[in-house]
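Each remark here refers to the structure printed beneath this line.
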Amino acid sequence: MPDFYERVYEIVALIPRGRVTTYGAIASALGAARSSRLVGIAMNHSHLTHPHLPAHRVVNRSGLLTGKHHFTSVPMQELLESEGILVIDDCVVDFSEVFWQPQ
DNA sequence: CACTTGACGAGCT
DNA sequence: TAGCTCGCCAAGT
């Protein structure tokens, strides 16, 4: 069984283009439903260990771009909109429509 | 080594 | 409806 972090990165890497998922959904998929914060911490470090990861496709449960301040080079909103995901006021539009449940 | 701080979220008041 | 508490645990101070 791989490290928790590795499994988080594994799932994030599976998120289809133009779709998003949540920290809690990832935690649940790993069997650690109450450890959603750990997913956030994992993502916080992902830019160092796994720079290629589509971290912009991970938002909080209400579709809010809580991690946007960690995207210094290219704005998170710009990355999402380039994939066809509308973002208004730091919030994903039609969040339930583009939500992707980790499998 | 002890304490604080989070890319979170569910449940309670 | 909105705010508060707690679980979770890696990292930083």
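Letters A, B, ... are given to chains in the order of the sequence lines, protein chains preceding strands, and every chain is numbered from 1. Small disclaimer: the values here were computed from a predicted structure and weren't measured.
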Aromatic plane relationship, A:Y5 with A:Y9 - under 30° parallel, 30 to 60° tilted, over 60° perpendicular: perpendicular
Sugar-phosphate, base or nothing in reach of A:N60, heavy atoms under 4.0 Å: sugar-phosphate
N/O donor to acceptor pairs below 3.5 angstrom from side-chain atoms of residues 30-41 of chain A, sequence neighbours left out:
none

Test side-chain contact (heavy atoms from CB on, under 4.5 Å) applied to A:H50 and A:H45, step by step: CA-CA 8 Å; A:H50 299 66; A:H45 287 248; over 6 Å; no
Touch class at under 4.0 angstrom, heavy-atom based, for A:S46 against every strand present: base
Value in whole Å for how far the P atom of B:dA7 lies from CE of A:M43: 13 Å
Touch class at under 4.0 angstrom, heavy-atom based, for A:H45 against every strand present: sugar-phosphate
Euclidean distance, atom OH of residue A:Y23 to atom P of C:dC8 [Å, nearest integer]: 21 Å
Parallel, tilted or perpendicular: rings of A:H56 and A:F71 (30°, 60°): perpendicular
Distance, rounded to the nearest Å, where A:I11 contributes CD1 and B:dA7 contributes P: 21 Å
Check ion pair A:R19-A:E83 (N to O, under 4.0 angstrom): no
Separation of the P atoms in C:dT5 and B:dT4, to the nearest angstrom: 16 Å
Sugar-phosphate only, base, or nothing, as touched by A:A55 at under 4.0 Å among non-hydrogen atoms: base
Distance, rounded to the nearest Å, where A:R34 contributes CZ and B:dG11 contributes P: 10 Å
Nucleotide B:dA7, atom C1' - distance to CD of A:Q77 in whole Å: 17 Å
Nearest-angstrom distance from the residue atom NE2 of A:H47 to P of B:dA7: 12 Å
Separation of B:dA7 P from A:K68 NZ (nearest whole Å): 14 Å
Side-chain N,O (A:Y5) to OP1/OP2 (C:dA11) below 4.0 Å: yes
side-chain N/O A:R61 vs B:dA10 OP1/OP2, d < 4.0 Å: yes
Donor-acceptor pair under 3.5 Å, A:R37 side chain vs C:dG7 base: yes
Side chain of A:T66 (C-beta onward), nearest among C:dA10, C:dG7, B:dC8: B:dC8
Presence of donor-acceptor pair under 3.5 Å, side chain of A:S35 and base of C:dC8: no
A:I41 CD1 - C:dC8 P separation (whole Å): 14 Å
